[in-house]
Amino acid sequence: MIRQDAFRLFVASRFIEPVEQAFTSTFSTRFAETREPLAELAGIGAEIDGVVFSLDVPMREAAIAALPASIRVLATYSVGTDHIDLDVARARGIAVFNTPGVLADSVAENAIFLMLGAARRGTEAIDLLRQRAWHGWNPAQLVGVQLAGRTLGILGMGDIGRRIAERARALGMKILYCNRRPLAPELALGAGFRPTVEALVRDVDVLVLACPATEQTRGIVNAELLGQARSGLILVNIARGDLVVDRALIDALQTDRVYAAGLDVFAGEPAIHPEYFDLKNVFMVPHIGSATLEARLGMGQILIDAILAWQRGEVVPNQVC
């Protein structure tokens with residue numbers, strides 16, 4: 001078992017200063033110095049026991065195969081693990097940790113922010129002010145829709161989804177959800193279950209994507225699904241960009257089949273589909289769901305705690321393999 005004071009950590013991504021200081025004060029820490037951290041790591045050789053990284057450093061099969069043999073820990077500064085080949089890590093006997101829970105409130109708040117921005121024509125309102133083109137209030141200007149009284153559908157009623165539901169209830173919204181199976185009543189808190197996303201989208205005014213990206217969910221928001229939606233749907237994506245077929249959503253937004261979209265994530269980001277920029281009914285932000293001080297600090301600490309617990313031979317709740 002590796003002793004804490006001997007644990008050699010390679011930090012492949014850059015984090016806010018307090019998080020980097022926490023890694024440094026806990027482990028023997030080395031930070032990537034180039035824009036090719038995995039190539040740099042390969043050159044270091046057998047001097048590293050674990051790697052901390054985030055979505056900007058994918059750990060696919062080839063990357064894991066090239067890791068020094070000494071590495072026994074991969075700690076991703078994210079909840080999602082679709083940028084990691086877990087089967088390959090498992091086969092090599094590498095423990096993988098993620099950061100569930102600590103960012104859930106921040107991501108849920110961002111979902112409400114996107115929902116409100118889309119419903120209240122936030123992009124147009126901000127542009128009007130920043131272009132210095134606002135000439136004062138008038139009763140026909142930038143009329144949007146209110147959320148109170150509308151039905152919210154949540155695809156993926158996990159921890160984050162339930163926190164979104166809690167906040168949406170405070171806005172006066174009815175909640176429906178779609179999961180692989182219904183939640184226990186004490187978790188659903190009155191939210192209605194729909195067994196398929198098709199059944200869900202037919203019954204909601206706002207659809208929030210809060211599920212992982214898997215073989216079953218990638219591309220799930222496509223032309224066929226949007227064709228079954230209520231007219232005037234608001235779509236919010238705080239999960240993964242590849243859940244949405246961009247062409248289908250853009251067409252629906254251009255034809256007003258979808259009233260508006262609130263987007264935090266994008267397929268192929270940061271290379272966003274260029275037509276989104278021309279759509280006034282798209283309220284979008286650059287993947288900032290967990291970008292709060294509280295979430296960022298919590299994400300760092302949960303990884304530190306996980307590595308220390310793993311060293312002690314304890315069961316680690318956020319160990320994914």
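Hydrogens, waters and symmetry mates play no part in the numbers below; they use all other heavy atoms, side chains included.
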Student check: side-chain heavy atoms of [X] and [Y] closer than 4.5 Å:
X      : Y      : value
Ile154 : Ile175 : yes
Tyr177 : Asn179 : yes
Val236 : Leu207 : no
Leu152 : Ile164 : yes
Leu183 : Leu189 : no
Ile288 : Asp264 : yes
Leu41  : Ile71  : yes
Tyr259 : Arg121 : yes

**Item:** Intermediate values then yes/no, ring-ring contact (aromatic ring centres under 6.0 Å, His included), Phe31 and Phe23
**Value:** CA-CA 10 Å; Phe31 294 92; Phe23 289 139; 7.6 Å; no
Checking [X] side chain against [Y] main chain: does a donor-acceptor pair fall under 3.5 Å?
X      : Y      : result
Thr76  : Phe97  : no
Arg194 : Arg202 : no
Gln131 : Ala133 : no
Arg257 : Gln254 : no
Thr217 : Leu243 : no
Arg296 : Val19  : no
Glu269 : Ala271 : no
Glu40  : Thr34  : yes
Thr81  : Ile84  : no

Strictly below 4.0 Å, N to O, side chains only: are [X] and [Y] in salt-bridge contact?
X      : Y      : result
Glu109 : Arg163 : no
Asp82  : Arg240 : yes
Asp87  : Arg90  : yes

Identify the heavy atoms of [X] and [Y] that sit nearest to each other, and give their distance.
X      : Y      : result
Ala295 : Ser106 : CB-OG, 3.5 Å
Arg162 : Leu187 : CD-O, 3.6 Å
Val320 : Leu86  : CG2-CD2, 4.1 Å
Met284 : Phe266 : CB-CZ, 3.7 Å
Ile250 : His273 : CD1-ND1, 3.4 Å
Pro195 : Ala199 : CD-CB, 4.5 Å

**Single-linkage hydrophobic cluster, 4.5 Å side-chain cutoff, Val145 and Phe113 together** = yes
**Prompt:** Should the pair Arg8 and Phe27 be classed as cation-pi, given the thresholds of under 6.0 Å to the six-membered ring centre and 45° from the axis?
**Reply:** no
**Message:** Students often mix this up, so state it plainly: with edges at 30° and 60°, are the rings of Phe15 and Tyr77 parallel, tilted or perpendicular?
**Reply:** tilted
**Asked** Is there a side chain to side chain contact (heavy atoms under 4.5 Å, CB included) between Val73 and Val51 once you walk through the steps?
**Response** CA-CA 6 Å; Val73 167; Val51 184; over 6 Å; no
**Item:** Over 12 non-hydrogen atoms of neighbours within 6.0 angstrom of CD in Glu186
**Value:**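 Counting other residues, nucleotides and ligands, CD of Glu186 exceeds 12 neighbours.
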How far does [atom1] of [X] sit from [atom2] of [Y], to the nearest 0.5 angstrom?
X      : Y      : atom1 : atom2 : value
Leu155 : Leu176 : CG    : CG    : 12.5 Å
Phe7   : Ile304 : CZ    : CD1   : 11.0 Å
Leu303 : Asn318 : CG    : CG    : 7.0 Å
Leu67  : Met59  : CG    : CE    : 5.0 Å
Asn98  : Met299 : CG    : CE    : 9.5 Å
His287 : Asn110 : NE2   : CG    : 9.5 Å

**Prompt:** Can you tell which of Lys174, Arg230, Arg150 makes a side-chain hydrogen bond (donor to acceptor under 3.5 Å, both in side chains) with Asp205?
**Reply:**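 The side-chain hydrogen bond (donor to acceptor under 3.5 Å, both in side chains) with Asp205 is passed solely by Arg230 among Lys174, Arg230, Arg150.
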**Prompt:** Can a donor-acceptor pair be found between the side chains of Ser13 and Asp56 at a distance below 3.5 Å?
**Reply:**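 Note: Ser13 and Asp56 side chains meet the donor-acceptor criterion.
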**Item:** Aromatic ring proximity Phe53/Phe10, centre distance under 6.0 Å
**Value:** no
**Request:** In sequence, state the C-alpha distance, the side-chain angles, and the governing distance for Asp242 and Arg218, and then conclude on salt bridge (charged side-chain N to carboxylate O under 4.0 Å, His left out).
**Result:** CA-CA 5 Å; Asp242 58 4; Arg218 291 186 186 97; 3.3 Å; yes
